[in-house]
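Proteins get letters first, then strands, A, B, ... in listed order; numbering begins at 1 in each.
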There are 2 protein chains.
Amino acid sequence: MPPSGRLRADAARNRTALLKAVEELLAHHHPAQISMDLVATTAGVGKGTVFHRFGSRDGLMLALIQERAHDLGVAITDGPPPLGPGAPARARLLAFLSAIVDLVSRNKGLLAALGPAIATPTDQGPREAHPVYRTWHGHIAGLAGQERPDLDTDMLAHVLLASVHSEPILDTLARGEGERLDRTLRDLVTALLPERPAPERPDPERPDPEGPGAT
Amino acid sequence: MPPSGRLRADAARNRTALLKAVEELLAHHHPAQISMDLVATTAGVGKGTVFHRFGSRDGLMLALIQERAHDLGVAITDGPPPLGPGAPARARLLAFLSAIVDLVSRNKGLLAALGPAIATPTDQGPREAHPVYRTWHGHIAGLAGQERPDLDTDMLAHVLLASVHSEPILDTLARGEGERLDRTLRDLVTALLPERPAPERPDPERPDPEGPGAT
DNA sequence: GACGTTACTGGACCGCCGGTCCAGTTGTCG
DNA sequence: CGACAACTGGACCGGCGGTCCAGTAACGTC
């Protein structure tokens with residue numbers, strides 16, 4: 001998903017190599033100990049290339065996240081239900097949460113990098129969240145608000161999303177226990193949102209386990 | 001709360017000055033842009049002193065957190081209900097969450113520092129959570145487990161605590177909207193835990209709003 | 001297919017930061 | 001009051017994110 005203008009052949013190749021290198025490194029090392037030099041070396045390019053293309057460390061991390069999140073973004077706006085429009089809000093929300101947990105689990109360490117980069121210190125004042133976070137947050141808040149307009153769904157969305165930046169939870173995900181997080185989030189949402197037909201069996205809206213997301 | 005042995009007079013004075021300096025700086029600047037040199041200068045001591053006493057940047061941050069969290073720790077083990085033992089688990093849990101939100105709100109930026117320092121990269125393998133986090137997490141999981149042993153309360157506790165490391169939520173707290181987080185967490189917990197008498201009015205167990213915590 | 005333009009490349013370089021070290025100093029105890 | 005140990009603090013180190021610019025190689029033009 002390169003930016004608007006086409007890239008020169010070698011530039012595109014290096015861009016891909018860099019993103020792949022970062023992903024690989026993130027899978028095995030803590031983000032704090034991944035230097036830009038290391039990324040460049042792993043990708044087989046010079047450090048100047050990294051900064052020329054991505055501007056900064058955060059830019060690199062955010063580009064990776066944006067790329068991995070792109071498919072999910074398309075799925076929730078144009079895809080088929082229950083992720084896409086058409087299904088009831090509650091079912092869409094459950095599907096979306098599962099998709100996010102899935103996305104984060106399959107890209108181990110991806111969100112660990114997002115944590116530091118999620119907000120850019122615009123100046124000295126408050127900060128601005130990254131587009132990907134804004135999209136996810138808005139989607140959750142919107143869906144929840146359809147069912148429970150009485151709640152502070154804005155804050156609720158932040159709380160639900162917070163789980164995928166939390167170090168202890170990311171550790172758990174890294175150990176392959178992503179389903180525990182998924183189930184816990186589902187429990188929270190089902191407890192909070194009214195379930196129209198049956199009061200106890202949330203299984204029907206279980207989303208397709210291999211939905212959109214990274215490849 | 002100096003470590004076991006008593007401190008030399010000047011050492012104790014400098015320790016206090018350093019913690020106060022960090023707290024002050026955290027209130028006005030993003031943790032990432034607070035250097036150890038700056039802390040030392042602000043406190044009026046040399047950098048060597050900082051490292052001699054606290055070992056590392058994380059050590060300094062954790063010492064500050066531990067000091068602020070101490071009162072709350074005492075309150076939940078020995079204090080009066082609803083925070084301390086004696087009250088029903090659900091009421092204690094609600095009181096505890098309010099106390100944490102209160103603690104974090106009053107120490108703006110304190111937990112922003114915890115985020116990076118919450119887990120120490122023990123070696124290369126997994127990480128170990130800080131005692132303060134372990135205590136909080138265990139308390140929440142234990143209380144929730146008394147009411148809903150069927151849930152994955154271990155993960156639930158992580159999810160609830162995640163909200164106080166989340167950058168967007170910390171921003172909200174910094175703007176003085178701590179009550180929103182408090183209310184949202186209460187909504188989550190009351191939705192999840194059975195309420196024995198009436199099915200809709202969680203007000204009675206509202207804890208004392210000015211409980212224990214930092215001064 | 002040769003050529004000039006232009007964007008890309010990559011390694012040397014910079015300033016800063018966390019952390020170390022040790023000579024000098026100052027509190028404490030017999 | 002003296003001696004010892006603990007504390008102090010600034011010079012110093014390795015490494016990091018980020019900059020710079022001379023060399024290079026891809027693309028449009030004829």
What is the distance from CZ of A:Arg15 to P of D:dA26, rounded to the nearest Å? 19 Å

For the helix from C:dG1-D:dC30 to C:dG30-D:dC1, measure the angle between the helix axis at one end and the axis at the other, each built from five pairs, rounding to 10°. 20°

B:Ala17 meets the side-chain contact (heavy atoms from CB on, under 4.5 Å) criterion, sequence neighbours left out, with B:Ala43

Please enumerate all residues that pass side-chain contact (heavy atoms from CB on, under 4.5 Å) together with B:Thr41, with sequence neighbours excluded. none

Under 4.0 Å: is that the gap between some side-chain N or O of A:Thr49 and OP1 or OP2 of C:dC8? no

For residues 151-161 of chain A, which side-chain donor-acceptor pairs fall under 3.5 Å, sequence neighbours excluded?
| from | atom 1 | to | atom 2 | distance (Å) |
| --- | --- | --- | --- | --- |
| A:Asp152 | OD1 | A:Met155 | N | 3.2 |
| A:Asp152 | OD1 | B:Arg180 | NH2 | 3.0 |
| A:Asp152 | OD2 | B:Arg180 | NE | 2.6 |
| A:Asp152 | OD2 | B:Arg180 | NH2 | 3.3 |
| A:Asp154 | OD1 | A:His137 | NE2 | 3.4 |
| A:Asp154 | OD2 | B:Arg180 | NH2 | 3.1 |
| A:His158 | ND1 | A:Tyr133 | OH | 2.7 |
| A:His158 | NE2 | A:His137 | NE2 | 3.3 |

Side-chain N,O (A:His52) to OP1/OP2 (C:dT9) below 4.0 Å: no

Using the side-chain contact (heavy atoms from CB on, under 4.5 Å) criterion, which residues pair with B:Ala89? Sequence neighbours excluded. B:Leu143, B:Gln146, B:Glu147

For B:Ile76, does its backbone N or O pair with a side-chain atom of B:Arg92 as donor and acceptor, under 3.5 Å? yes

Check the distance between C:dT26's P and B:Arg13's CZ and give it to me in whole angstrom. 12 Å

Across all chains, not counting sequence neighbours, the side-chain contact (heavy atoms from CB on, under 4.5 Å) partners of B:Thr16 are none

Checking all strands, does B:Val45 fall into the base, sugar-phosphate, or nothing category for heavy-atom contacts under 4.0 angstrom? sugar-phosphate

Polar pairs (N or O, both sides) under 3.5 Å between protein and nucleotides 17-19 of chain C?
| from | atom 1 | to | atom 2 | distance (Å) |
| --- | --- | --- | --- | --- |
| C:dG18 | OP1 | B:Arg57 | NH1 | 2.7 |
| C:dG18 | OP2 | B:Met36 | N | 2.8 |
| C:dG18 | N7 | B:Lys47 | NZ | 3.2 |
| C:dG19 | OP2 | B:Arg57 | N | 2.7 |
| C:dG19 | N7 | B:Lys47 | NZ | 3.0 |
| C:dG19 | O6 | B:Lys47 | NZ | 2.5 |

With the side chain counted from C-beta on, respond yes when A:Val22 and A:Ile34 share a heavy-atom pair under 4.5 Å apart, and no when they do not. no

Answer yes or no: is there a donor N or O on one side and an acceptor on the other, between the side chain of B:Thr77 and the main chain of B:Gly73, under 3.5 Å? yes

Are OP1 or OP2 of C:dT9 and a side-chain N or O of A:Asn14 less than 4.0 angstrom apart? yes

